[in-house]
Asker: 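First the structure, which I've put down as structure tokens, then a few questions once you've had a look.
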Amino acid sequence: MLDVHPGHAVLDVGCGPGTDLGELADAAGPTGSVIGVDHDLVSAETARERLAVHEIVDVLVGDAHALPLEDGSVDRARTDRVLQHVADPRRVLCEIGRVARPGARIALAEPDWDGLLIDSANLTAGRTLTGFITSQVVRNATIGRALPRLCAEAGFSVTSVVASAPVITDFDAADQLLGLRRNARRCLGAAAEDWLTELAAGPFLASCLIFLVVAVKA
């Protein structure tokens with residue numbers, strides 16, 4: 001989606017511990033540059049340690065709402081499940097627009113938590129959990145469906161919108177990714193344990209809708 005070529009300057013907004021920076025550096029090559037930005041000091045330091053072998057990678061501590069970069073300085077930018085958590089997604093996209101060069105491509109991936117589905121004989125419990133996550137847990141829970149509109153409002157031309165619905169069949173993996181136990185106990189109270197026992201006994205299936213958007217700065 002990002003279509004990185006040698007020589008590109010690539011920005012990863014919300015890079016976390018640098019999971020994707022190495023692959024971006026390989027694509028940008030020795031004449032390119034990769035900048036990771038994250039607000040968390042520990043994550044940024046972890047990323048620096050992990051990417052120390054890549055001379056073209058620079059990890060900065062900063063706020064996505066006020067990126068520590070010059071205007072028109074990057075050819076590619078990405079966010080992966082970051083806008084769901086920020087205070088103002090529009091401002092973050094405008095900041096990406098500020099630092100992007102004309103013709104720059106951005107790729108965004110965000111979930112839409114209304115699309116969280118969990119197979120269970122107790123449909124009410126699953127629907128209650130989905131409602132709780134969308135209303136109480138995730139700040140911008142429906143950001144996925146809003147990405148094309150927000151990109152257009154930020155001055156980007158949207159070139160691709162794809163919806164994906166990954167399927168999880170392992171209960172423990174789903175618990176780690178979705179916080180099933182923690183959130184079920186918060187919203188279902190005493191009824192949570194019977195439901196969680198049913199889910200853990202399997203067969204288990206859960207899915208969450210994710211939107212993948214590519215946009216270009218005019």
Asker: If you group Ile, Leu, Val, Met, Phe, Trp and Tyr by side-chain heavy-atom gaps below 4.5 Å, do Met1 and Ile106 land in one group?
Answerer: no
Asker: Is there side-chain contact between His54 and Val34, with at least one heavy-atom pair below 4.5 Å?
Answerer: no
Asker: Tell me, with the steps shown, if Val61 and Arg48 meet side-chain contact (heavy atoms from CB on, under 4.5 Å).
Answerer: CA-CA 11 Å; Val61 176; Arg48 291 188 185 110; 3.7 Å; yes
Asker: If I take atom CG from residue Asp80 and atom SG from residue Cys15, how far apart are they, to the nearest 0.5 angstrom?
Answerer: 11.5 Å
Asker: With no hydrogens and no angle check, is any side-chain donor or acceptor of Lys217 less than 3.5 Å from a backbone partner on Arg101?
Answerer: no
Asker: Leu180 versus Phe171: any side-chain heavy-atom pair under 4.5 Å?
Answerer: yes
Asker: Would you say Val161 ends up clustered with Ile143 if hydrophobic residues are merged whenever their side chains have heavy atoms under 4.5 Å apart, either directly or through other cluster members?
Answerer: yes
Asker: With a 4.5 Å cut-off on side-chain heavy atoms, are Leu24 and Val57 touching?
Answerer: no
Asker: For Glu198 versus Ala121, what's the shortest heavy-atom pair and its separation?
Answerer: OE2-N, 3.1 Å
Asker: Hydrophobic cluster membership, with links at side-chain heavy-atom distances under 4.5 Å among I/L/V/M/F/W/Y: are Leu93 and Leu212 in one?
Answerer: no
Asker: Between CG of Asp38 and CG of Asp12, what distance do you get to the nearest 0.5 Å?
Answerer: 8.5 Å
Asker: Is a side-chain donor or acceptor of Asp112 paired with a backbone partner of Phe211 at a separation under 3.5 angstrom?
Answerer: no
Asker: I'd like to know if the side chain of Thr130 and the backbone of Leu116 have a donor-acceptor N/O pair within less than 3.5 Å.
Answerer: yes
Asker: For residues Val214 and Arg105, determine if any side-chain heavy atom of one lies less than 4.5 Å from a side-chain heavy atom of the other.
Answerer: yes
Asker: Any side-chain heavy atom of Ile96 within less than 4.5 Å of one from Leu67?
Answerer: yes
Asker: Rounded to the nearest 0.5 Å, what separates atom CG in Leu108 from atom CZ in Arg78?
Answerer: 9.5 Å
Asker: Under 3.5 Å, is there a donor-acceptor pair between the side chain of Gln84 and the main chain of Arg81?
Answerer: yes
Asker: Which heavy atom in Val13 sits nearest to a heavy atom in Val82, and how many Å separate them?
Answerer: O-CG2, 3.5 Å
Asker: Hey, is NE2 on His85 packed in by over 12 heavy atoms from elsewhere, all under 6.0 Å?
Answerer: yes
Asker: To the nearest 0.5 Å, what is the distance between CZ on Arg50 and CG on Leu21?
Answerer: 8.5 Å
Asker: For a quick test of reading the model, state the closest non-hydrogen atom pair linking Val137 to Arg186 and the distance between them.
Answerer: CG2-NH1, 4.2 Å
Asker: Below 4.5 Å, heavy atoms only, C-beta onward: do Asp63 and His39 meet side chain to side chain?
Answerer: no
Asker: Strictly distance-based, threshold 3.5 Å: is any side-chain N or O of Asn140 a donor or acceptor partner for the main-chain N or O of Leu83?
Answerer: yes
Asker: Val167 versus Leu205: any side-chain heavy-atom pair under 4.5 Å?
Answerer: yes
Asker: Is it true that Arg181 and Asp172 make a salt bridge, defined as a side-chain N closer than 4.0 Å to a carboxylate O?
Answerer: yes
Asker: Are Val37 and Ile56 co-members of a hydrophobic cluster defined by side-chain heavy atoms under 4.5 Å apart?
Answerer: no
Asker: Under 4.0 Å between a side-chain nitrogen and a carboxylate oxygen: does that hold for Glu153 and Arg149?
Answerer: yes
Asker: Backbone N or O of Pro166 within a donor-acceptor pair of the Ser207 side chain at under 3.5 Å?
Answerer: yes
Asker: Drop me the distance from Asp58's CG to Ser33's OG, to the nearest 0.5 angstrom.
Answerer: 9.0 Å
Asker: Taking C-beta and beyond as the side chain, do Trp195 and Leu129 meet within less than 4.5 Å on heavy atoms?
Answerer: yes
Asker: Got a salt bridge between Arg185 and Glu193, using NZ or NE/NH1/NH2 to carboxylate O under 4.0 Å?
Answerer: yes
Asker: Tell me whether Arg98 at atom CZ has more than 12 heavy atoms from other residues, nucleotides or ligands lying less than 6.0 Å away.
Answerer: yes
Asker: Give the minimum heavy-atom separation between Leu199 and Asp119, together with the two atoms involved.
Answerer: CD2-O, 3.5 Å
Asker: Supply the atom-to-atom distance Cys94 SG to Phe156 CZ, rounded to the nearest 0.5 angstrom.
Answerer: 8.0 Å
Asker: Between Asp75 and Gly7, which heavy-atom pair has the shortest distance, and what is it?
Answerer: OD2-O, 4.2 Å
Asker: Start with the C-alpha distance between Leu69 and Leu60, add both sets of side-chain angles, then the distance that settles side-chain contact (heavy atoms from CB on, under 4.5 Å), and finish with yes or no.
Answerer: CA-CA 10 Å; Leu69 298 172; Leu60 307 176; 4.0 Å; yes
Asker: Determine whether a donor-acceptor pair (N or O, by modelled atom type, separation under 3.5 Å) exists between the side chain of Ser73 and the backbone of Glu70.
Answerer: yes
Asker: Kindly work out whether a path of hydrophobic side-chain contacts (I/L/V/M/F/W/Y, heavy atoms less than 4.5 Å apart) joins Val158 to Ile210.
Answerer: no
Asker: For the residue pair Pro89 and Leu150, what are the closest heavy atoms and their distance?
Answerer: CB-CD1, 4.2 Å
